[in-house]
Amino acid sequence: MDLSLQCLLLVASLLLMQTLSHAATCNDCFTSSRAAHYPNSDELGTDSGACGYGLFGATLNGGEVAAASDLYQNGIGCGACYKVRCTNSNYCSDKGTTVVITDQGMSHNTGFILSRRAIAGMAQTTDSAASLQALGIIDIEYKRVSCSYPNRNITIKIDENSNYPHYLAFVIWYQQGQRDITAVQLCETQNQACKLLDRSYGAVWTTTSPPTGLLSLRMLFSDENGYETWVVPPTNIPSNWKTGETYDTGIQVNL
């Protein structure tokens, strides 16, 4: 083989190995951004967030929640978890904290609006947390991580605007794993006829003329690389579902 060709192949191999090595460690990469905080005094998130979680959204994950700007993605980003750490060495710990996206929002070109409890989770001490909040805008870095609720299965909450049996709306609680829920179907368990639901807004899924009888839920989990997996929980939704009720799907997901 010609020496110049051998050199070319060697360079190409080294570049490929470098690319693969970078891809393999990319899960450890953080993205720089900025964050503000909710001004409320109870340290939690908001009970009127754009994801449609209501009061649940303020208390989810112990209240360590956030509104996102670009990461909201027209509601697809609802329920996603991110490791967030601030970069001011005077006040911030290296560990950071994990927040759940429950709302959409931006303040002074920030990527996140954090609950005060999330701010405290990034700080070295209680005094440091107060100092961070006093700054108003904080330099941070973040990366996507897997959501995990060890004692909770994925649960659906029937929205109060539902009208049995003509209109069904529900929000998905305790989304798990590191993928987004990008599609939802309801299937009649007796004849397996399925209907694709609409994302009304945030994490709220709706349909007019919903299927009847005992209903099977199907959720499509997707990631940024195009990998998609349909997940079918073992527990069905009762045929006489009721407004305001919550239904445990009986499944935890680690994708």
Side-chain angles (χ1 to χ4, degrees), residues 12-33 49-53 57 60-61 65-85 96 98-106 111-112 140-149 152-156 170-187 192-207 211 215-234 249-255:
S13 298
L14 290 173
L15 287 174
L16 178 60
M17 291 174 63
Q18 184 180 19
T19 300
L20 292 175
S21 175
H22 177 74
T25 60
C26 195
N27 286 336
D28 296 325
C29 297
F30 280 80
T31 300
S32 297
S33 185
C51 288
Y53 292 130
L60 178 62
N61 192 41
V65 297
S69 51
D70 293 342
L71 294 175
Y72 178 77
Q73 300 182 80
N74 294 319
I76 293 176
C78 290
C81 293
Y82 290 88
K83 172 72 76 173
V84 180
R85 60 192 187 193
T98 298
V99 300
V100 184
I101 301 303
T102 60
D103 193 11
Q104 179 186 30
M106 177 191 297
F112 293 87
I140 63 165
E141 53 187 15
Y142 68 90
K143 68 175 180 178
R144 180 79 179 264
V145 295
S146 183
C147 294
S148 178
Y149 305 98
R152 299 286 186 176
N153 297 321
I154 293 177
T155 301
I156 69 166
F170 61 79
V171 61
I172 298 176
W173 287 2
Y174 302 116
Q175 178 178 321
Q176 298 163 10
Q178 201 168 340
R179 299 189 188 181
D180 300 313
I181 298 176
T182 54
V184 175
Q185 288 184 335
L186 277 182
C187 302
Q192 294 302 308
C194 297
K195 185 169 186 178
L196 188 66
L197 306 189
D198 298 316
R199 185 191 295 274
S200 176
Y201 68 97
V204 180
W205 298 86
T206 65
T207 181
L215 300 177
S216 174
L217 182 69
R218 302 180 74 227
M219 298 172 290
L220 182 64
F221 285 78
S222 308
D223 67 14
E224 60 183 9
N225 297 316
Y227 295 109
E228 298 183 332
T229 303
W230 281 101
V231 173
V232 182
T249 67
I251 194 172
Q252 295 185 14
V253 174
N254 185 20
L255 293 172

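Please read all numbers here as calculations on a predicted model, not as lab measurements. Here, residue 1 is the first one in the sequence, and each next residue gets the next number.
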Exercise for the section: Test side chain to side chain contact (heavy atoms under 4.5 Å, CB included) on Val171 and Ile156 and set out the steps. Expected result: CA-CA 6 Å; Val171 61; Ile156 69 166; over 6 Å; no

Exercise for the section: Could you tell me which residues satisfy side chain to side chain contact (heavy atoms under 4.5 Å, CB included) with Cys51, sequence neighbours excluded, listed by chain and number? Expected result: Tyr53, Tyr72, Cys78

Handout entry: Shortest non-hydrogen contact between Cys194 and Arg218, atoms and distance
Key = SG-CD, 4.4 Å

Handout entry: Residue pair Val65 / Asp103, side-chain heavy-atom distance below 4.5 Å
Key = no

Handout entry: Side-chain heavy-atom pair Arg144, Asp180 within 4.5 angstrom cut-off
Key = yes

Practice task
Would you give the length of the straight line joining atom CZ of Arg85 to atom NZ of Lys143, rounded to the nearest 0.5 angstrom?
Solution key: 7.0 Å

Fill in the blank from the handout: side-chain hydrogen bond (donor to acceptor under 3.5 Å, both in side chains) pairs touching residues 223-232, sequence neighbours excluded, are Arg179-Thr229

Practice task
Please report the C-alpha distance between Asn153 and Ile251 in whole Å, then the side-chain angles of each, then the deciding distance to 0.1 Å, and finally whether the side chain to side chain contact (heavy atoms under 4.5 Å, CB included) criterion is met.
Solution key: CA-CA 5 Å; Asn153 297 321; Ile251 194 172; 5.7 Å; no

Exercise for the section: Not counting sequence neighbours, which residues clear side chain to side chain contact (heavy atoms under 4.5 Å, CB included) with Asn61? List them please. Expected result: Glu64, Val100

Completion exercise
Residue set satisfying ring pair (Phe, Tyr, Trp, His ring centres under 6.0 Å) with Tyr149, at least two apart, ordered chain then number -> Tyr174

Problem - Point-to-point distance, once rounded to the nearest 0.5 Å, from SG of Cys147 to CD of Gln176 - result: 8.0 Å

Exercise for the section: Going by the side-chain contact (heavy atoms from CB on, under 4.5 Å) test, name the single residue among Asn254, Val253, Leu255 that passes it with Ser146. Expected result: Asn254

Handout entry: Minimum side-chain heavy-atom gap Ile154-Val231 below 4.5 Å
Key = no

Problem - Heavy-atom closest contact (Ser33 atom, Tyr142 atom, distance) - result: CB-CE2, 3.7 Å

Problem - Residue list, side chain to side chain contact (heavy atoms under 4.5 Å, CB included) with Ala66, at least two apart or on another chain - result: Val99, Ile101, Phe112, Leu114

Completion exercise
Across all chains, not counting sequence neighbours, the side chain to side chain contact (heavy atoms under 4.5 Å, CB included) partners of Thr98 are Cys81, Lys83, Val145

Practice task
Nearest 0.5 Å please: distance from the CD atom of Gln185 over to the CG atom of Leu215.
Solution key: 12.5 Å

Problem - Closest heavy-atom pair and its distance - Thr182, Arg199 - result: CA-NH2, 3.9 Å

Handout entry: Student check: side-chain heavy atoms of Ile181 and Trp205 closer than 4.5 Å
Key = yes

